[in-house]
Amino acid sequence: MSNFKQRTLILMCALSVGALLISNLAAIKLWNLNGIAVDGGILVFPLTYILSDLIVEFYGKKHAQQIVFAGFLINLLAILVFWAVIALPAYPGWNLQEAYSQVLGFTPRIVLGSLAAYIASNLFNNTLFIYLKEKQGIFAKSFIARALGSSAFARILDSAIFETIAFLGVLSFSEFLRQAVFAYVMGMLLEILLSPLEAFCARCLRPKMSEYQNNNQFSFEIVKRMDNQLGRAGIIHTPHGDIKTPAFMCVGTRGKVNFVDMKELQSLHAQAMLSNGYHLRNLSHEIALEGGLASWSGWKGPTLTDSGGFQVMSLGSGSGKVVSMKVGNELKNTEPEKRLAHVSEQGVAFTDPVTGEDDFIGPEESMQIQCRIGADIHMAYDELTSLADSYEYNVESLARTERWAKRSLKEHKKHCYDLGYYQALYGVLQGGRWEDLRRSTAKKLAKMDFDGFGLGGAFLKENLGDILRWCCEELPEMKPRHLLGLSHPDDILIGIENGADTFDCVAPTREARHGKIYTRYGNINLANAKFKDSPEKLDPGCDCPVCKAGWTRGQLRALLKSGEPEKKHLYFDLASQHNLRFIIRLTEEARAALIQGTFQEYKEQFLKDYYGNKK
């Protein structure tokens, strides 16, 4: 958060607390207007709504709620101190009680009503303001429209609470009702009169307060559709920047891509980074204090976190195994008694393989963790089945994942503005390799209020195109789709033509560390002795920083085989950069070909070059 934004928040907090204090002091003075008792507090109360609206708009719901509670507690403390002072018997000559009673007409009921009305109505106002901001139409576009809209309903609540506590039983019902209506009308008139000032403040602050792009919202636009296919080129707009799709998201599991620093990542033309909610869960509070994943990691650009569904499978039925896309005779799930994770309707109880401690994550916990981490895009909590799981178990698991999706949405809506910017949520489609399950769950999730969709699951490689087609034919066209965990060129190209927009996988950097280097004409393994002293570049024509700098296959092999940690580290860095740039460039070229209408020709030529006779 910038210094200006911090100072402005402190000022708004002070003004909000002061406005409530003045409102309480004014509330204890009543004027008679044509037989109706006019509460002086309503003359000040609209200021608390205006300040609250500005805080929600520029800092998010979480900060606004904290200031409401702080104002309540400070005012409560001030009133208690005041009561204690006027009750002191040590100064009988001051006659404070008598003077206070005569001048101010103080009653505890009025102050109690004012405090109760303040905290209830302001919390309600904040929630309604966010709700209207997420809707279509005038409320989403106009700050003052949603400010007045939320205040109109919040004032009903504050008038009802204050008048009930202060005057119910004191006045006749007709007098009570007349006074409550009058208080509401007077308050709204003042709110409307002050609305130009509120709009002016918002307009002046916006240029200095807007740290986020795209009006602090998430959206997707399609630039070009593929003829006779589901593929499209588009742009995902996030608060931390745009992602031009198709795009590959580099995997920084713990908020950093292994052996590649953020400047290097930018030089590779990376657009976004994916991190893991499961692995960052214990750091989530620290990340929130730093302003979210983009700020904490130093990446600054768009980010995504997954929910931990893969870890559910890996620690459970997979017992740490990587998801396979091939069926072998030995394929079977881990015996239940040996599993580190156990799935129930509530969530997943698991044993951390690193610390040995027991832990639990359900849909609510996953959303809370991800909203503290604060990526631009989150994934709903899901259970990933393995290839060894039966159709019957997939039916059971999928129904549970769909119930978890609803719980994820409900919890996410409570926290998606906690860090001051909008955090989007994708629903995750499972269903294994079965068409009926895939289409069924796609239809159900399509009806839910997700910002996009994650396409997940364990399935056979040869089924990828069909599975994506089944899902994407049922999903809404104007929402983005992310294919989880795949990065081989054929998988990406098949994914693009069948409707996937973004991709992620650890393979480019993991395989680089083991000596596998991507080239346009197939992969090479630098561990092979034939590359010793080779003067060839890693990949002729490659535009990555490593190839531009002139590093040869022989030089990188020497670093790989070196027993010196610094040289080995340098190899990991250089090889990872090269492989990441290769995959990123693949998606860039595919996007350009799609826009030009030559995607099929590009795909055929690339696969021919890369796989040769193997494809």
Side-chain angles (χ1 to χ4, degrees), residues 246-252 256-271 273 322 486-493 503-593 598 601-615:
F248 179 77
M249 295 187 168
C250 300
V251 177
K256 182 183 185 302
V257 179
N258 284 343
F259 302 101
V260 180
D261 66 35
M262 294 306 175
K263 287 185 179 179
E264 291 171 337
L265 203 58
Q266 291 171 356
S267 72
L268 303 177
H269 299 173
Q271 297 191 72
M273 180 180 71
V322 175
L486 297 180
S487 70
H488 289 157
D490 56 333
D491 297 332
I492 286 181
L493 294 173
F503 307 83
D504 80 88
C505 191
V506 297
T509 52
R510 176 180 288 169
E511 292 181 341
R513 295 195 297 272
H514 289 86
K516 183 181 285 188
I517 299 296
Y518 300 165
T519 83
R520 180 60 181 255
Y521 296 96
N523 300 334
I524 61 173
N525 194 333
L526 290 181
N528 194 312
K530 72 178 183 179
F531 295 112
K532 184 179 181 181
D533 301 324
S534 171
E536 289 186 74
K537 288 185 178 181
L538 296 181
D539 185 12
C542 176
D543 63 351
C544 81
V546 182
C547 290
K548 282 183 176 180
W551 286 90
T552 67
R553 297 177 180 186
Q555 289 173 323
L556 259 71
R557 185 183 188 279
L559 295 174
L560 171 64
K561 291 297 183 179
S562 172
E564 299 179 35
E566 290 156 353
K567 290 184 177 179
K568 185 82 86 173
H569 189 287
L570 178 58
Y571 165 78
F572 291 157
D573 177 17
L574 298 173
S576 296
Q577 286 190 60
H578 172 82
N579 279 4
L580 282 174
R581 178 58 195 152
F582 181 90
I583 298 298
I584 291 169
R585 186 172 61 248
L586 167 64
T587 58
E588 290 173 349
E589 292 173 352
R591 185 179 198 272
T598 59
E601 293 89 337
Y602 171 80
K603 174 190 171 187
E604 290 173 11
Q605 186 61 52
F606 186 95
L607 294 179
K608 180 180 178 181
D609 292 341
Y610 188 79
Y611 292 101
N613 295 327
K614 293 184 289 185
K615 284 287 174 183

Contacts of type side-chain contact (heavy atoms from CB on, under 4.5 Å), residue Ala512, not counting sequence neighbours
Ala575, Ser576, Asn579

Applying ring pair (Phe, Tyr, Trp, His ring centres under 6.0 Å) to Tyr518 and not counting sequence neighbours gives Phe582

Minimum-distance pair of heavy atoms, taken over all atoms of Ile584 and Cys250:
CD1-SG, 3.8 Å

From CG (Leu268) to CD (Gln266), nearest 0.5 Å
10.0 Å

Which heavy atom of Leu265 sits nearest to which heavy atom of Leu580, and what is that distance?
CD1-CD1, 4.2 Å

Ser562 side chain reached by Lys568 side chain, heavy atoms, under 4.5 Å
no

Would you say Arg581's side chain and Ser267's backbone share a donor-acceptor pair under 3.5 angstrom?
no

Ring geometry between Phe606 and Tyr610 (parallel below 30°, tilted from 30 to 60°, perpendicular above 60°):
parallel

Is it true that a side-chain atom of Asp539 and a backbone atom of Arg520 form a donor plus acceptor pair closer than 3.5 Å?
yes

Please round to the nearest 0.5 Å and tell me the distance separating atom CG of Leu570 and atom CG of Leu560.
11.5 Å

For Pro508 and Phe248, the nearest pair of non-hydrogen atoms, with its separation, is CG-CZ, 4.0 Å

Write down the atom of Arg557, the atom of Ala527, and the distance for their closest heavy-atom approach.
NH2-O, 3.3 Å

Ile583 side chain near Phe503 side chain, heavy-atom distance below 4.5 Å
no

Residue set satisfying side chain to side chain donor-acceptor pair (under 3.5 Å) with Thr552, at least two apart, ordered chain then number -> Gln555

Can you name the residues that form a ring pair (Phe, Tyr, Trp, His ring centres under 6.0 Å) with Phe259, not counting sequence neighbours?
His569, Phe572

Those residues that, when tested against Ala247, pass side-chain contact (heavy atoms from CB on, under 4.5 Å) (two or more places apart):
Ile243, Gln271, Thr502

Look up atom CE in Met273 and atom NZ in Lys256, then write down how far apart they are to the nearest 0.5 Å.
10.0 Å

Checking side chain to side chain contact (heavy atoms under 4.5 Å, CB included) between Arg553 and each of Leu526, Asp533, Ile517, which is the one that passes?
Leu526

Beyond-backbone contact of Leu574 with Leu538, side-chain heavy atoms, under 4.5 angstrom
no

Under the side chain to side chain donor-acceptor pair (under 3.5 Å) rule, collect the residues that match up with Gln605, sequence neighbours excluded.
Asp609

Can you list everything that forms a salt bridge (charged side-chain N to carboxylate O under 4.0 Å, His left out) with Lys567? Sequence neighbours excluded, please.
Glu564

Grab the two heavy atoms, one from Lys537 and one from Gly550, that are nearest each other, plus how far apart they are.
CE-CA, 4.4 Å

Can you sort out the partners of Lys603 under salt bridge (charged side-chain N to carboxylate O under 4.0 Å, His left out), two or more places apart, ordered by chain and number?
Glu497

Glu264 meets the salt bridge (charged side-chain N to carboxylate O under 4.0 Å, His left out) criterion, sequence neighbours left out, with none

Taking the side chain as C-beta and beyond, is there a heavy-atom pair between Cys544 and Gln577 under 4.5 Å?
no

By side chain to side chain donor-acceptor pair (under 3.5 Å) - contacts of Glu536 (at least two apart)
none

In short, Pro489 meets Leu586 closest at the heavy-atom pair CA-CD2, 3.7 Å

Hey, are the side chains of Thr519 and Ile524 touching, using non-hydrogen atoms and a 4.5 Å cut-off?
yes

Can you list the residues that meet the side chain to side chain donor-acceptor pair (under 3.5 Å) rule with Arg585, with sequence neighbours excluded?
Asp543

Rounded to the nearest 0.5 Å, what's the gap from NZ on Lys516 to CZ on Arg513? Could you check?
13.5 Å

Could you walk me through whether Phe531 and Leu556 pass the side chain to side chain contact (heavy atoms under 4.5 Å, CB included) check?
CA-CA 9 Å; Phe531 295 112; Leu556 259 71; over 6 Å; no

